[in-house]
Number of protein chains: 4
Amino acid sequence: MTKTKYTEKRDLLIEAGLRVFSRKGFSGSTIKDIAQEAGVTSGLIYHYFDNKEDLLWGIIEEHTLNHKLYNIIKFSTEDLTIDELLKNILTAVFNFLKEKPYFISMFLGEAQRNPKIRKRLINLIREATEGLSYFISNKYKLDFHYVEVAVRNTLTASFMHHLLYMEGDNPVINEERYIQNTIQQLSKVLN
Amino acid sequence: MTKTKYTEKRDLLIEAGLRVFSRKGFSGSTIKDIAQEAGVTSGLIYHYFDNKEDLLWGIIEEHTLNHKLYNIIKFSTEDLTIDELLKNILTAVFNFLKEKPYFISMFLGEAQRNPKIRKRLINLIREATEGLSYFISNKYKLDFHYVEVAVRNTLTASFMHHLLYMEGDNPVINEERYIQNTIQQLSKVLN
Amino acid sequence: MTKTKYTEKRDLLIEAGLRVFSRKGFSGSTIKDIAQEAGVTSGLIYHYFDNKEDLLWGIIEEHTLNHKLYNIIKFSTEDLTIDELLKNILTAVFNFLKEKPYFISMFLGEAQRNPKIRKRLINLIREATEGLSYFISNKYKLDFHYVEVAVRNTLTASFMHHLLYMEGDNPVINEERYIQNTIQQLSKVLN
Amino acid sequence: MTKTKYTEKRDLLIEAGLRVFSRKGFSGSTIKDIAQEAGVTSGLIYHYFDNKEDLLWGIIEEHTLNHKLYNIIKFSTEDLTIDELLKNILTAVFNFLKEKPYFISMFLGEAQRNPKIRKRLINLIREATEGLSYFISNKYKLDFHYVEVAVRNTLTASFMHHLLYMEGDNPVINEERYIQNTIQQLSKVLN
DNA sequence: GATGAATGAGGGTTCATTCAT
DNA sequence: AATGAATGAACCCTCATTCAT
């Protein structure tokens with residue numbers, strides 16, 4: 001399936017928008033910033049998006065963690081221990097957060113003032129949480145609701161950890177160790 | 001120690017600022033909004049604060065969760081079980097979040113774009129986390145670092161929970177139950 | 001004389017332009033609006049017209065009341081009373097205004113800012129006024145200048161009436177009666 | 001009753017707005033144009049008016065013909081002939097139009113696209129028409145509705161005349177004579 | 001002929017900040 | 001201390017026009 005030229009350029013703008021929004025936040029970014037980042041002029045953005053918020057929306061729709069989490073579930077083999085599974089999941093989460101360092105912060109920030117964005121964020125987290133919890137509770141015979149709280153807390157704590165302690169290449173807190181500790185504790189909760 | 005008139009008026013502005021910033025976020029609030037909320041005119045704010053950000057800073061300094069947490073530790077009696085202690089702590093946290101519903105969201109939001117604010121937020125969380133962890137690990141003979149991760153995760157997950165699921169009077173998720181579950185799991189981690 | 005393809009398409013654009021300009025005014029209409037109304041894309045309009053104003057000009061040239069008024073004169077029989085003639089004329093004027101409800105308003109509106117358009121409008125009204133006045137003064141042996149003022153006032157008052165009191169299907173003032181009264185008074189002036 | 005400073009400046013902006021709007025039309029004028037004309041910066045206009053349209057509205061409210069027409073009625077003596085009265089009225093109308101040469105054109109132009117403005121214009125004309133007609137029909141024992149049509153037609157024809165034939169200092173049509181002719185015919189209608 | 005992506009100037013509006021009163 | 005008029009930079013967005021395809 002080849003991409004049309006329209007789609008290609010639209011994607012280019014979305015990538016530029018992601019970079020700029022992530023760097024400066026939504027209201028801190030100007031349309032001109034984004035146009036410059038994409039190597040076009042400001043007017044063009046309005047050819048592909050209705051307005052600034054519509055661009056943000058486009059970015060959010062394009063970048064989601066959930067697809068990766070589904071894959072982890074899908075390709076997890078029979079004999080995986082719960083610790084191994086948790087490690088896979090948390091590693092994927094942290095990789096995602098590192099690949100798009102400020103995306104989650106921008107997303108969360110906008111969610112505070114924009115109800116539509118908030119609903120989308122809640123929904124994504126719910127989908128991820130429920131998907132993982134369903135899988136785990138099923139596979140290891142645990143109570144769904146109990147698992148769900150644990151998973152959601154771990155997920156959201158990871159987001160917060162990322163938001164607060166990841167400063168460019170200079171993480172305030174050792175990440176490796178944080179993941180290890182977190183897995184260990186989550187594992188304890190689930191056993 | 002009686003308050004000077006200067007201090008009184010300054011506090012009034014801080015309270016007004018907190019209310020407005022919490023309602024509309026930092027960049028969504030105007031100096032005029034805040035002046036109106038305080039019943040003064042916009043120019044006056046510049047008598048008490050250098051600029052908008054300085055006002056935000058004043059607000060943050062004035063409103064902290066940590067004082068309450070210290071009190072919980074200070075007045076906790078000898079024979080408190082760990083579950084009881086955890087309940088006290090989480091309840092205090094949630095009460096704080098409910099009293100100033102959007103404060104944490106504003107704080108976190110600004111922390112993303114403003115490094116000075118971010119450092120302050122990290123510091124506050126670190127102080128709270130370390131204080132509680134030190135107390136708990138000491139009292140119940142647990143490894144400090146292990147406790148710290150658990151406490152920080154729980155604390156930040158609570159913030160996230162508040163950010164995402166508290167919609168005015170219509171919480172998306174039952175709070176009572178969320179606290180119970182979270183305590184139960186934290187307790188399991190710490191035992 | 002068969003129409004070339006070029007002329008056909010040009011006319012189509014003119015008709016679309018008339019509809020859109022009439023609906024939204026000149027500066028309220030966009031080239032895209034008109035292109036869409038015509039079922040083409042915006043670029044094409046620049047094949048047939050130099051720019052937006054040139055299109056307006058094309059529209060104005062194509063739509064004129066005067067042709068109809070000439071016909072009324074041309075086909076008026078010998079024994080027509082002056083009241084019957086006046087009725088024919090005013091009816092034609094009002095029918096024209098109703099067929100192209102907002103055309104005159106757009107025309108007049110643009111005439112205010114655009115001297116070229118103003119000259120054209122004045123000219124059209126002068127032609128119509130003079131033509132009618134010449135015919136009437138001749139036929140009924142009246143002073144030309146006296147008739148001219150009466151005719152022009154009646155004509156322009158009708159335009160104004162249309163501009164102000166015709167709101168879609170809900171005319172603010174009863175039209176039938178307005179025409180009757182106006183004829184009666186014009187007739188009195190001319191007798 | 002002394003004017004406050006606020007009112008004075010507001011009036012200054014209204015006068016500047018009137019001049020600029022009249023010269024260039026509403027959408028042809030920029031806020032900066034008006035600010036420059038008033039000798040202030042653009043931002044200040046928003047201190048006194050909500051937006052561009054609100055300024056237009058302020059202008060319209062401030063400049064009305066009707067007050068003058070009321071005075072003519074009020075101070076007309078007992079033994080005035082109908083021709084003298086008509087002359088007074090039409091002279092007042094034309095003086096008004098000459099004092100604010102493009103005001104009526106701007107007003108009428110905006111009335112076409114802005115329903116609120118249209119309603120106001122219709123209302124003003126109705127008030128003027130009804131006031132004059134009531135007075136005339138009463139004083140000279142004529143049918144009100146019959147007088148009303150005549151008055152409204154004369155009034156609106158005068159507006160149109162002004163719109164079309166007044167070009168700066170070079171009127172296309174001799175005004176003195178136009179007034180005379182118009183009075184003569186109106187008088188004939190009313191006798 | 002026809003498309004529609006791309007430009008870029010320009011408009012209305014907001015608002016932190018200053019300062020004369 | 002307190003006011004609020006005034007500034008002016010910056011922002012989002014529109015749209016006539018051009019041009020490669």
Side-chain angles (χ1 to χ4, degrees), chain A residues 4-6 8-10 13 26-35 38-55, chain B residues 5-6 8-10 13 26-36 38-55, chain C residues 5-6 8-10 13 26-36 38-55, chain D residues 4-6 8-10 13 26-35 38-55:
Chain A
T4 65
K5 254 198 163 170
Y6 180 89
E8 250 177 39
K9 183 66 84 145
R10 196 173 179 277
L13 292 177
F26 179 75
S27 62
S29 307
T30 70
I31 288 292
K32 266 198 176 127
D33 286 340
I34 295 164
V40 300
T41 49
S42 60
L44 189 61
I45 291 179
Y46 292 88
H47 194 65
Y48 293 91
F49 302 93
D50 286 346
N51 48 44
K52 201 182 171 187
E53 187 179 322
D54 189 36
L55 171 60
Chain B
K5 255 205 160 170
Y6 179 88
E8 252 179 36
K9 186 68 106 177
R10 197 174 178 277
L13 293 177
F26 179 74
S27 63
S29 306
T30 71
I31 289 291
K32 262 195 179 128
D33 286 339
I34 295 162
Q36 202 166 28
V40 300
T41 51
S42 59
L44 189 62
I45 291 180
Y46 288 86
H47 257 301
Y48 294 91
F49 302 93
D50 287 345
N51 49 42
K52 202 182 170 188
E53 187 180 323
D54 188 37
L55 170 60
Chain C
K5 255 202 160 170
Y6 179 89
E8 253 178 36
K9 186 71 107 180
R10 196 172 178 279
L13 293 178
F26 179 74
S27 63
S29 305
T30 70
I31 289 291
K32 262 198 177 127
D33 286 339
I34 295 162
Q36 201 166 29
V40 301
T41 50
S42 59
L44 189 61
I45 291 180
Y46 289 85
H47 256 298
Y48 293 91
F49 303 93
D50 288 347
N51 49 43
K52 201 181 170 187
E53 188 180 321
D54 188 37
L55 170 61
Chain D
T4 63
K5 258 207 160 160
Y6 180 89
E8 251 178 39
K9 183 66 85 147
R10 196 173 178 279
L13 292 177
F26 179 75
S27 62
S29 307
T30 70
I31 289 292
K32 269 195 176 129
D33 286 339
I34 296 163
V40 300
T41 50
S42 60
L44 189 62
I45 291 179
Y46 291 88
H47 195 65
Y48 293 91
F49 303 93
D50 286 347
N51 49 43
K52 202 182 170 187
E53 186 179 323
D54 188 37
L55 170 60

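Not measured: the values here are computed from a predicted model. Chain letters run A, B, ... following the sequence lines, proteins first, then strands; residues in each count from 1.
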**Request:** Would you indicate whether D:E8, at its atom CD, is surrounded by more than 12 heavy atoms from other residues, nucleotides or ligands within a distance under 6.0 Å?
**Result:**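 Enclosed.
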
To the nearest 0.5 Å, what is the distance between [atom1] ([X]) and [atom2] ([Y])?
X	Y	atom1	atom2	result
A:K9	A:H47	NZ	NE2	10.5 Å
B:L44	B:T41	CG	OG1	6.0 Å
A:D54	A:I45	CG	CD1	11.5 Å
A:L55	A:F49	CG	CZ	5.0 Å
A:K32	A:I34	NZ	CD1	13.0 Å

Whole angstroms only, please: what is the [atom1]-[atom2] distance between [X] and [N]?
X	N	atom1	atom2	value
A:K9	F:dT21	NZ	P	13 Å
C:I45	E:dG1	CD1	C1'	14 Å
D:D33	E:dT13	CG	P	14 Å
B:R10	F:dA1	CZ	C1'	16 Å

I'd like a list of close polar pairs between nucleotides 16-20 of chain E and the protein, N/O only, cut-off under 3.5 Å.
residue	atom	partner	partner atom	Å
E:dA16	OP1	B:S29	O	3.3
E:dA16	OP1	B:K52	NZ	3.0
E:dA16	OP2	B:I31	N	2.8
E:dT17	OP2	B:Y46	OH	2.9
E:dT17	OP2	B:K52	N	3.0

**Request:** Indicate, with a heavy-atom threshold strictly under 4.0 Å, whether C:K5 touches base, sugar-phosphate, or nothing.
**Result:**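 It contacts nothing in the nucleic acid.
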
**Asked** NA contact type, D:F49, heavy-atom cut-off 4.0 Å: base, sugar-phosphate, or nothing?
**Response** nothing

**Asked** Given that both distances must come in under 3.5 Å, which nucleotide forms a Watson-Crick or G-U wobble pair with F:dT21?
**Response** E:dA2

**Asked** Counting only Watson-Crick or G-U wobble pairs whose two distances fall under 3.5 Å, which nucleotide matches E:dT7?
**Response** F:dA16

**Request:** Report the residue (A:G28 or B:Y6) whose heavy-atom-nearest nucleotide on DNA chain F is the more 5′ of the two.
**Result:** B:Y6

**Asked** Closest approach of D:S27 and C:S27, non-hydrogen atoms and distance?
**Response** OG-OG, 3.3 Å

**Asked** So which nucleotide from E:dT7, E:dG1, F:dA2 ends up closest to the side chain of A:V40?
**Response**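 Of the candidates, E:dT7 comes closest.
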
**Prompt:** If you find the nucleotide of DNA chain E closest to C:H47 and the one closest to A:H47, which residue's nucleotide is nearer the 5' end?
**Reply:**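 Between the two, 5'-proximity favours C:H47.
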
